[in-house]
Student: 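Sharing a structure, written as structure tokens. Questions coming.
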Amino acid sequence: MSRVYNFSAGPATMPLPVLEEIQAELLDYKGSGMSVMEMSHRSKVYQQIIDEAEADLRKLMNIPDNYKVLFIQGGATLQFAMIPMNLCKNGVFDYIVTGAWSKKAANEAKKYGKVNVIATSEDKNYSYIPDVSDLPIDDDADYVYICENETIHGTTYQSLPNTKGKILVADQSSMFLSKPVNVSDYGIIYGGVQKNVGPAGLSIVIIREDLIREDVASTIPTYLRYDTHANNGSMYNTPNCWAIYVCGKVFKYLLNLGGLEKMDEINKEKAKVLYDFLDSSKMFKGTVEKQYRSLMNVPFVTESAEKDAAVVAATKAAGFDNLKGHKSVGGLRASIYNAMPIEGVKALVDFLKKYEEENA
Ligand SMILES: *Cc1c(COP(=O)(O)O)cnc(C)c1O
């Protein structure tokens with residue numbers, strides 16, 4: 001077996017002990033005589049898997065009782081539509097646009113109402129988070145929307161926006177479970193799990209109960225109503241059984257590690273190794289204003305696209321994969337999610353240091 005250090009933005013690297021556990025259980029899950037992927041979602045044994053996954057997530061994130069946890073297919077992208085569909089009362093939605101993902105979400109919401117972009121960092125290619133302390137929130141806004149960690153641009157919020165009493169909705173896909181968050185500050189927290197938790201094709205939606213309404217537009221497809229999922233324990237239809245099972249393993253792994261405080265500590269230490277190097281390097285530099293730097297996605301560049309490409313090729317040859325930056329930022333991007341060991345980041349920095357010395 002030979003595993004590379006995989007810096008992919010998503011689907012992304014998984015904790016090795018979790019993969020090994022899954023491998024051990026693959027053919028016969030706990031004496032059931034079958035694999036989880038062969039199992040009825042209506043069976044007792046699967047019910048226990050999903051119940052435990054939810055209970056462990058609640059413990060990890062300290063989710064209050066007045067919030068539901070929903071496992072929904074369609075990835076994070078489906079939520080771009082489900083949120084305005086289900087939260088629409090006045091048909092006015094306030095969006096803070098800080099990068100590709102919040103922009104996509106805002107564009108999707110336009111299909112269902114009036115979208116106000118109440119702040120944006122588009123003027124500097126989304127390399128910072130705008131001041132969100134006193135925004136022109138619309139009196140009629142049904143919610144205020146943020147992408148709390150922009151995966152492509154590598155920015156993250158230092159403090160949440162002042163929503164002036166409006167509901168806050170946050171896409172946490174690329175920072176999900178990377179640090180403790182106060183769930184009560186939000187109306188909805190959601191994320192596609194393939195960045196920081198498990199396999200693609202599953203979103204976890206943590207939603208305050210009063211936002212799950214039955215008086216939504218009657219034209220909304222049954223599957224796209226939050227009450228459908230809430231009233232059926234996320235099993236109105238066959239859920240993404242496999243992804244939920246794997247996520248459950250990761251939740252247990254994080255609990256055993258010491259929870260999200262511990263994960264946050266590790267993530268800070270890990271990101272510092274890379275950012276300290278970028279700040280001391282003459283060849284490489286980070287593209288984000290320091291105070292808004294993401295601990296999860298680290299974009300950086302050399303002085304030219306040619307040099308960027310040469311470095312990407314050299315890293316790949318040396319066993320570091322998926323470091324090519326997104327085309328809208330260019331350069332390189334190292335995604336250093338929960339499951340990337342600090343040894344991987346240290347090894348990458350050692351490699352880049354040596355590369356810089358040899359190619360100065
Ligand atoms: C990847 C990503 C998405 C899209 O996720 P899908 O599961 O592919 O729909 C949305 N938002 C953020 C912040 C992401 O990183």
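Whatever order the structure lists them in is the order used to number ligands and atoms, beginning at 1. Hydrogens, waters and symmetry mates are skipped; everything else that's a heavy atom, side chains included, is used.
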Student: Classify the contact between E150 and ligand 1 as side chain, backbone, both or neither, using a heavy-atom distance cut-off of under 4.0 Å.
Tutor: neither

Student: Check whether any heavy atom of Q194 sits under 4.0 Å from an atom of ligand 1.
Tutor: yes

Student: Below 4.0 Å, non-hydrogen atoms only: which portion of A200 touches ligand 1? Side chain, backbone, both or neither.
Tutor: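 Neither; nothing of A200 gets under 4.0 Å from ligand 1.
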
Student: Just heavy atoms, cut-off under 4.0 Å: does S173 contact ligand 1 by side chain, backbone, both, or neither?
Tutor: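 Within the 4.0 Å criterion, S173 contacts ligand 1 through side-chain atoms alone.
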
Student: Are any of the N or O atoms of N149 closer than 3.5 Å to those of ligand 1?
Tutor: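 No.
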
Student: Quick one: nearest non-hydrogen protein atom to atom 11 (N) of ligand 1, plus distance?
Tutor: D171 OD2, 2.6 Å

Student: Atom 9 (O) of ligand 1: which protein heavy atom is closest, and how many Å away?
Tutor: T77 OG1, 2.5 Å

Student: Mind checking whether T151 contacts ligand 1 via backbone (N, CA, C, O), side chain (CB onward), both or neither, at a 4.0 Å heavy-atom cut-off?
Tutor: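 Near ligand 1, T151 shows its side chain, while the N, CA, C and O stay back.
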
Student: Output the list of atoms in ligand 1 that are nearer than 4.0 Å to some heavy atom of A76, sorted by atom number.
Tutor: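 In order of numbering, the contacting atoms are 3 (C), 4 (C), 5 (O), 6 (P), 7 (O), 9 (O), 10 (C).
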
Student: Are E357 and K353 within salt-bridge range, i.e. N to O under 4.0 Å?
Tutor: no

Student: Decide, yes or no, whether a salt bridge links D308 with K324 under the criterion of side-chain N to carboxylate O below 4.0 Å.
Tutor: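 A salt bridge is absent here (no side-chain N lies under 4.0 Å from a carboxylate O).
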
Student: I'd like to check which ligand 1 atoms, numbered from 1 as shown, lie under 4.0 Å from a non-hydrogen atom of C147.
Tutor: 13 (C)

Student: Under 3.5 Å, is there a donor-acceptor pair between the side chain of D140 and the main chain of V92?
Tutor: no

Student: So which heavy atom on G187 is nearest to which on I167, and how close?
Tutor: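 Taking G187 first and I167 second, the nearest heavy atoms are CA-CG2, 3.7 Å.
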
Student: Is it true that S133 and D131 share a donor-acceptor pair across their side chains at a distance under 3.5 Å?
Tutor: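 Per modelled atom types, D131 and S133 side chains form a pair under 3.5 Å.
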
Student: Output the list of atoms in ligand 1 that are nearer than 4.0 Å to some heavy atom of G75, sorted by atom number.
Tutor: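 Those of ligand 1 that fall under 4.0 Å from G75 are 7 (O), 9 (O).
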
Student: Salt bridge between K103 and E122, side-chain N to carboxylate O under 4.0 Å?
Tutor: yes

Student: Can you list the ligand 1 atoms lying under 4.0 Å from a non-hydrogen atom of F80?
Tutor: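 In order of numbering, the contacting atoms are 10 (C).
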
Student: With heavy-atom distances below 4.0 Å as the criterion, list the atoms of ligand 1 near K195.
Tutor: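 Close to K195: 1 (C), 2 (C), 3 (C), 14 (C), 15 (O).
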
Student: Using atom types as modelled and distance alone, determine if a side-chain donor or acceptor of T228 lies under 3.5 Å from a backbone N or O of T222.
Tutor: yes

Student: Can a salt bridge be assigned to the pair K346 and D350 using a cut-off of 4.0 Å between side-chain N and carboxylate O?
Tutor: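 Between D350 and K346 there is no salt bridge, as every charged N stays at least 4.0 Å from the carboxylate O atoms.
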
Student: Regarding D279 and R293, does a basic nitrogen lie under 4.0 Å from an acidic carboxylate oxygen?
Tutor: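 The answer is yes: the pair qualifies as a salt bridge.
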
Student: Which is it for K104 and ligand 1 at heavy atoms under 4.0 Å: side chain, backbone, both or neither?
Tutor: neither

